[in-house]
Amino acid sequence: QVQLAESGGGLVHPGGSLRLSCATSGLHVTMMTMGWFRQGAGKEREFLASITYGTPTTYYADSVKGRFTTSRDSAKSTVYLQMNELKADDTAVYYCAGVASGILPDNMRLEQSYRYWGQGTQVTVSS
């Protein structure tokens with residue numbers, strides 16, 4: 001059984017930074033393409049970033065490019081989302097997702113491309 005567990009959410013001031021973690025079990029992180037999404041109150045779920053299985057390649061939504069970085073630690077079977085220069089608009093529940101296959105670049109942003117989902121972690125950006 002594959003499970004994804006996010007952690008690292010919390011309250012941060014505007015301009016601050018936060019790093020989210022997503023630990024995988026049941027399937028090693030290097031065997032999956034992993035994605036990050038978020039859903040703000042009253043909004044649709046939004047793609048943020050992804051990292052491919054094997055030799056990793058990263059993809060980012062334009063809205064977070066240059067501020068957010070995704071990476072992984074194979075020893076810990078964990079993927080990370082480093083978030084910098086946070087704004088109030090970044091307030092949302094953040095989810096990691098994974099699938100044990102590749103995803104075409106054009107489909108990285110689609111929720112249906114991913115099979116496994118974490119429970120989500122709340123990020124609140126407020127002064």
Problem - Thr33: side-chain hydrogen bond (donor to acceptor under 3.5 Å, both in side chains) partners, not counting sequence neighbours - result: none
Completion exercise
Those residues at least two apart in sequence (or on a different chain) that pass side-chain hydrogen bond (donor to acceptor under 3.5 Å, both in side chains) with Ser101 are none
Exercise for the section: Please say whether more than 12 non-hydrogen atoms of neighbouring residues, nucleotides or ligands are located less than 6.0 Å from CZ in Arg45. Expected result: yes
Practice task
Measure from the side-chain N and O atoms of His13 to the backbone N and O of Ser126, and report whether any donor-acceptor pair falls under 3.5 Å.
Solution key: yes
Exercise for the section: Ignoring hydrogens and angles, tell me if any N or O in the side chain of Gln122 forms a donor-acceptor pair with the backbone of Gly9 under 3.5 Å. Expected result: no
Only distances under 3.5 Å count here; give the side-chain donor-acceptor pairs of residues 48-55 to other protein atoms, sequence neighbours excluded, each with its distance to 0.1 Å.
| from | atom 1 | to | atom 2 | distance (Å) |
| --- | --- | --- | --- | --- |
| Thr52 | OG1 | Thr55 | O | 3.4 |
| Thr52 | OG1 | Thr57 | N | 2.8 |

Problem - Other ILVMFWY residues reachable from Tyr95 by side-chain steps of under 4.5 Å - result: Phe37, Phe47, Tyr59, Val93, Val99, Ile103, Met108, Tyr114, Trp117
Exercise for the section: Quick one: which residue pairs count as a disulfide (SG to SG under 2.5 Å) with a foot in residues 75-127, not counting sequence neighbours? Expected result: Cys22-Cys96
Handout entry: Side chain proximity check, Phe68 to Thr58, heavy atoms < 4.5 angstrom
Key = no
Completion exercise
Sorted by chain and residue number, the side-chain hydrogen bond (donor to acceptor under 3.5 Å, both in side chains) partners of Ser77 (sequence neighbours excluded) come out as Thr24
Handout entry: Euclidean distance, Thr121 OG1 relative to Tyr94 OH, rounded to 0.5 Å
Key = 10.5 Å
Handout entry: Side-chain H-bond candidate by donor/acceptor type, Asn84 with Ser17, under 3.5 Å
Key = yes
Practice task
Name all residues meeting the side-chain hydrogen bond (donor to acceptor under 3.5 Å, both in side chains) criterion together with Gln3; count only those two or more places apart in sequence or in a different chain, and write none if there are none.
Solution key: none
Completion exercise
With sequence neighbours left out, the residues meeting side chain to side chain contact (heavy atoms under 4.5 Å, CB included) with Thr78 are Ser21, Ala23, Lys76, Tyr80
Completion exercise
By salt bridge (charged side-chain N to carboxylate O under 4.0 Å, His left out), Glu46 pairs with (sequence neighbours left out) Arg38
Practice task
Return the set of residues passing salt bridge (charged side-chain N to carboxylate O under 4.0 Å, His left out) with Asp62 (not counting sequence neighbours), or none when no residue passes.
Solution key: Lys65
Handout entry: Met83 vs Arg19, side-chain contact (heavy atoms from CB on, under 4.5 Å): CA-CA, chis, key distance, verdict
Key = CA-CA 6 Å; Met83 306 185 293; Arg19 188 179 78 162; over 6 Å; no
Fill in the blank from the handout: Residues Ala100 and Leu27: closest non-hydrogen pair is CB-CD2, 3.5 Å
Practice task
Mind checking side chain to side chain contact (heavy atoms under 4.5 Å, CB included) for Ser74 and listing every partner two or more places apart, or none if nothing turns up?
Solution key: His28, Thr30, Arg72
Problem - Contacts of type salt bridge (charged side-chain N to carboxylate O under 4.0 Å, His left out), residue Arg67, not counting sequence neighbours - result: Asp90
Practice task
Take Val123 and Thr91 through the side-chain contact (heavy atoms from CB on, under 4.5 Å) test and state the conclusion after the steps.
Solution key: CA-CA 5 Å; Val123 172; Thr91 295; over 6 Å; no
Practice task
Provide the closest heavy-atom pair for Asp89 versus Lys43 in the form atom of the first, atom of the second, distance.
Solution key: O-NZ, 4.5 Å
